[in-house]
Amino acid sequence: MNLNGITLTESDGRVFLHHQPTAQRPPVDATMLHTLLQEAGFGQCLLYDDVIASTAVDCNTKTTPFEVQVAERRDASLELEIAPDEMAVQVSLTPPLGGKPISLEDIQEALKEAGVVFGIDEAALIHACRVGQIAHWPVASGAPPQDGQDTGFDSLLTLTADRAPKVNDSGLIDYREHNGIVVVTPGEPLMRRIPPTPGVPGQTVKGRELPQRPGFDASFSAQLAGVKPASDDPNLLEAAVAGQPVLVEHGVIVEPVLRVAEVNMASGNIHFDGTVLVEGEVTHGMKVQASGDIVVNGTVDGGILEAGGDIHVASGIIAKSQVRAQGAVSARFAEASSIFAGTVISLDDMALGCELESLNQILIGEKLPQRGCLIGGCTTVMMLLRVPLLGSNKAGTTVVKLGANAKLEAQMQVLAERLQKEKTTEENLQKLGKHLAATGDPKGMLQRVKATWQQAVQVWSKSLAERRELEEQMAVALKARVEVVQGVAGSVDLSVGSKLARLRKEFSDGVVLIDPEAGVLFTDAAGRSQVLAPA
């Protein structure tokens, strides 16, 4: 397009329109000026639309020459964003307006000037250049440190007893029954120690090293009986004697196994440092005491069992037997007997007229739910009682104490008495120190009294921390519950702490639990709740 008297020039990227008045030119409008700029090669520049519109008017009205800037060339722009932790870099590109586009070298130079020297993604740079216009595009990233792996201890045996039960978030022990005794022979591999790894340091995009945490280095426990390191591999633990392998913290022990046909008047009482396997019965009045597990393949008929580990009875526990295990107790059924377990009591069938106490859970009818029931006696459990049928119309009152832990309660009682004595001692020392400071200290006792008082405060503070820990453990009891699979019948007295619910009517299947606001609740399978004992 040729407009007489109107020309375009460029200087340092700026585009100017020059106007020379002439009578031989038709009227000019903004569209015509835009076309003139386009044909002159300035169409990709930044056009000043408002200026162009007013210039068109001036060209038609002014009678004197003038010059005005109507456009400019703008190069593409680049902006880098470096994260405050220097672990990421993003680039934003604005396309050119008639100017120079961003090249790969431009971005590389910008990164260099910003101090970015690590984790640059060349493919991301090329993509950004090809696209030309992009926002917050990641082009570099740091490498976080990789912490080392702690020492691992991998058991090489399929079945082992475990003396370190695992507690889940609900406070329940992950109970897995072991029905038999696994016996290993000398030289048999038991556990492999996996050494810790040092980890890998990280690095920011600016090359700053981020230190890693080395894995915690732990050795096999120093007191592992019946085992030894392999002669050619100190990280391999193998049996030194024949016996039952038992998992403990950072290792395995092998307990000797004593096998007896039957415990009766002929065999005498059994006291054994290890595991005892009784092939037959434990008869009335006879005692089996073991530091490890006790496995009875017959019936405990009025016998006494005491184990530092678990107790498993293949048949029943009857006739006023007394069974006590630091670990779990399992049997087919129990009748008129006393059973204590430090972790879990598990009965396949039923419990009739028994004194049951578990510091975690009691499971009844797990294998024979159609016969599973808890009738009569007194059952004390810390976290969970699960039974198909609770109580009976043909028996006396069944007593259940939920959320109770006699061991913790006894510890709390002893601790409370100790705290009172320690507080009294601290207060008396404080009074003595104040008295000496006020009345004089001719014998120079004040400093010793102050030192003794500070020591008493530390002892008292330590006991307070111990009390808080016990309170936290006892607070877990708020998650305690009774799960009834079939229902409740007969007379049942259910107590939770100081709350007592006397159940004298039938209930369907459901759950008894503690609601801090409502009290003791029974919720049936349909979700309907009723208060058994108000808060």
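- Under the 3.5 Å distance criterion, the side-chain polar atoms of D58 are left unmatched by any main-chain donor or acceptor of T55.
- Looking at S11, its side chain never comes within 3.5 Å of a backbone N or O of R14 through a donor-acceptor pair.
- Applying the salt bridge (charged side-chain N to carboxylate O under 4.0 Å, His left out) rule to R192 yields the partners D233; only residues at least two apart in sequence or on another chain are considered.
- Proximity of D154 to M191: side-chain heavy atoms (C-beta onward) are nowhere separated by under 4.5 Å.
- Judged by distance alone, the side chain of S358 and the main-chain N or O of I362 form no donor-acceptor pair under 3.5 Å.
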Stepwise, does the side-chain contact (heavy atoms from CB on, under 4.5 Å) test hold for V248 with L224?
CA-CA 9 Å; V248 295; L224 298 177; 3.6 Å; yes

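- Shortest non-hydrogen contact noted between G99 and P96 is O-CB, 3.6 Å.
- For Q44, the CD atom sits in a loose shell: 12 or fewer heavy atoms of surrounding residues, nucleotides or ligands are nearer than 6.0 Å.
- Here the closest non-hydrogen pair linking L8 and A40 is CD1-CB, 3.9 Å.
- Under the 4.5 Å side-chain criterion, counting only non-hydrogen atoms from C-beta, E188 is in contact with L157.
- Environment of CD in Q430: crowded, with over 12 heavy atoms of neighbouring residues, nucleotides or ligands closer than 6.0 Å.
- Shown here for L429 and A456, the closest heavy-atom pair between the two residues is CD1-CB, 3.9 Å.
- Shortest non-hydrogen contact noted between G142 and V205 is N-CG1, 3.5 Å.
- Take D217 and apply the salt bridge (charged side-chain N to carboxylate O under 4.0 Å, His left out) test, not counting sequence neighbours, and it matches R193.
- Residues that satisfy the salt bridge (charged side-chain N to carboxylate O under 4.0 Å, His left out) test with E466, not counting sequence neighbours, are R418.
- Once rounded to the nearest 0.5 Å, the distance linking CZ of R208 with CG of D85 reads 8.0 Å.
- In this structure, CD in Q203 is found 11.0 Å from CD in E86, a value given to the nearest 0.5 Å.
- In terms of heavy atoms, G215 sits closest to P196 at O-CB, 3.7 Å.
- Under the ring pair (Phe, Tyr, Trp, His ring centres under 6.0 Å) criterion, no residue pair touches residues 76-110, with sequence neighbours excluded.
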Determine, stepwise, if the pair L37 / L47 fulfils side-chain contact (heavy atoms from CB on, under 4.5 Å).
CA-CA 9 Å; L37 286 163; L47 303 180; 3.9 Å; yes

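- A side-chain N or O of E417 and one of Q413 form a donor-acceptor pair less than 3.5 Å apart.
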I'd like a table of donor-acceptor pairs (distance under 3.5 Å, sequence neighbours excluded) in which one partner is a side-chain atom from residues 519-530, with atom names and distances.
unit_1	atom_1	unit_2	atom_2	d
T523	OG1	S529	OG	2.8
D524	OD1	A526	N	3.0
D524	OD1	G527	N	3.0
D524	OD1	R528	N	2.8
D524	OD2	R528	NE	3.1
D524	OD2	R528	NH2	3.1

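- Between L80 and V89 the shortest side-chain heavy-atom distance falls below 4.5 Å.
- A donor-acceptor pair shorter than 3.5 Å cannot be found between the side chains of T7 and H18.
- Remark: Q38 CD to T31 OG1 distance equals 12.5 Å, nearest 0.5 Å.
- Every residue two or more places apart in sequence or in another chain was checked for a ring pair (Phe, Tyr, Trp, His ring centres under 6.0 Å) with F118, and none qualifies.
- For D150, the salt bridge (charged side-chain N to carboxylate O under 4.0 Å, His left out) partners two or more places apart in sequence, or in a different chain, are R213.
- You'll find the side chain of N2 stays beyond 4.5 Å of the side chain of L36, heavy atoms only.
- For F220 and H250, the ring centers sit 6.0 Å or farther from each other.
- Residues that satisfy the ring pair (Phe, Tyr, Trp, His ring centres under 6.0 Å) test with Y48, not counting sequence neighbours, are absent from this structure.
- K423 NZ: more than 12 foreign heavy atoms inside a 6.0 Å radius.
- Heavy atoms of other residues, nucleotides or ligands lying less than 6.0 angstrom from CD of E39 number more than 12.
- Without hydrogens or angle criteria, T343 side chain to A328 main chain gives a donor-acceptor distance under 3.5 Å.
- At a threshold of 4.5 Å between non-hydrogen side-chain atoms, the residues V68 and V70 count as touching.
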side-chain hydrogen bond (donor to acceptor under 3.5 Å, both in side chains) evaluation trace for Q149 with T197
CA-CA 5 Å; Q149 296 293 321; T197 60; 5.6 Å; no

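- Nearest approach of V329 to A325, heavy atoms of both residues: CG2-CB, 3.6 Å.
- Using a 4.0 Å cut-off between charged nitrogen and carboxylate oxygen, K401 and E357 do not count as a salt-bridge pair.
- Looking at L419 and R467, their side chains come closer than 4.5 Å, going by heavy atoms from C-beta outward.
- Counting only residues at least two apart or on different chains, the salt bridge (charged side-chain N to carboxylate O under 4.0 Å, His left out) pairs with a member in residues 72-81 are E10-R73, E72-R74.
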Could you walk me through whether D509 and V484 satisfy the side-chain contact (heavy atoms from CB on, under 4.5 Å) test, starting with their C-alpha distance in whole Å, then the side-chain angles of each, then the deciding distance to 0.1 Å, before giving a yes or no?
CA-CA 5 Å; D509 57 325; V484 183; 5.5 Å; no

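- Looking only at atom types and distance, the side chain of E426 has a donor-acceptor partner in the side chain of W453 under 3.5 Å away.
- Residues passing the ring pair (Phe, Tyr, Trp, His ring centres under 6.0 Å) test with H34, sequence neighbours excluded: none.
- Take F16 and apply the ring pair (Phe, Tyr, Trp, His ring centres under 6.0 Å) test, not counting sequence neighbours, and it matches no residue.
- Between S346 atom OG and R386 atom CZ the span is 9.0 Å, to the nearest 0.5 Å.
- Within the 4.5 Å cutoff, the side chain of P195 has no heavy atoms near those of the T151 side chain.
- Of the possible polar contacts, none joining the E209 side chain to the P201 backbone as a donor-acceptor pair under 3.5 Å is found.
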Contacts table for residues 121-133: side-chain donor-acceptor under 3.5 angstrom, sequence neighbours left out:
unit_1	atom_1	unit_2	atom_2	d
D121	OD1	A123	N	3.1
D121	OD1	A124	N	3.2
E122	OE1	Q108	NE2	3.3
H127	ND1	R130	NH2	3.3

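- Going from atom CG of L402 over to atom OG1 of T380 covers 10.0 Å, rounded to the nearest 0.5 Å.
- Here OG1 of T9 is found 8.5 Å from CG of L17. Values are rounded to the nearest 0.5 Å.
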Could you walk me through whether L210 and M87 pass side-chain contact (heavy atoms from CB on, under 4.5 Å), step by step?
CA-CA 11 Å; L210 302 174; M87 293 300 288; 3.7 Å; yes

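- Put simply, the side chain of L363 reaches to within 4.5 Å of the side chain of V344, judged on heavy atoms.
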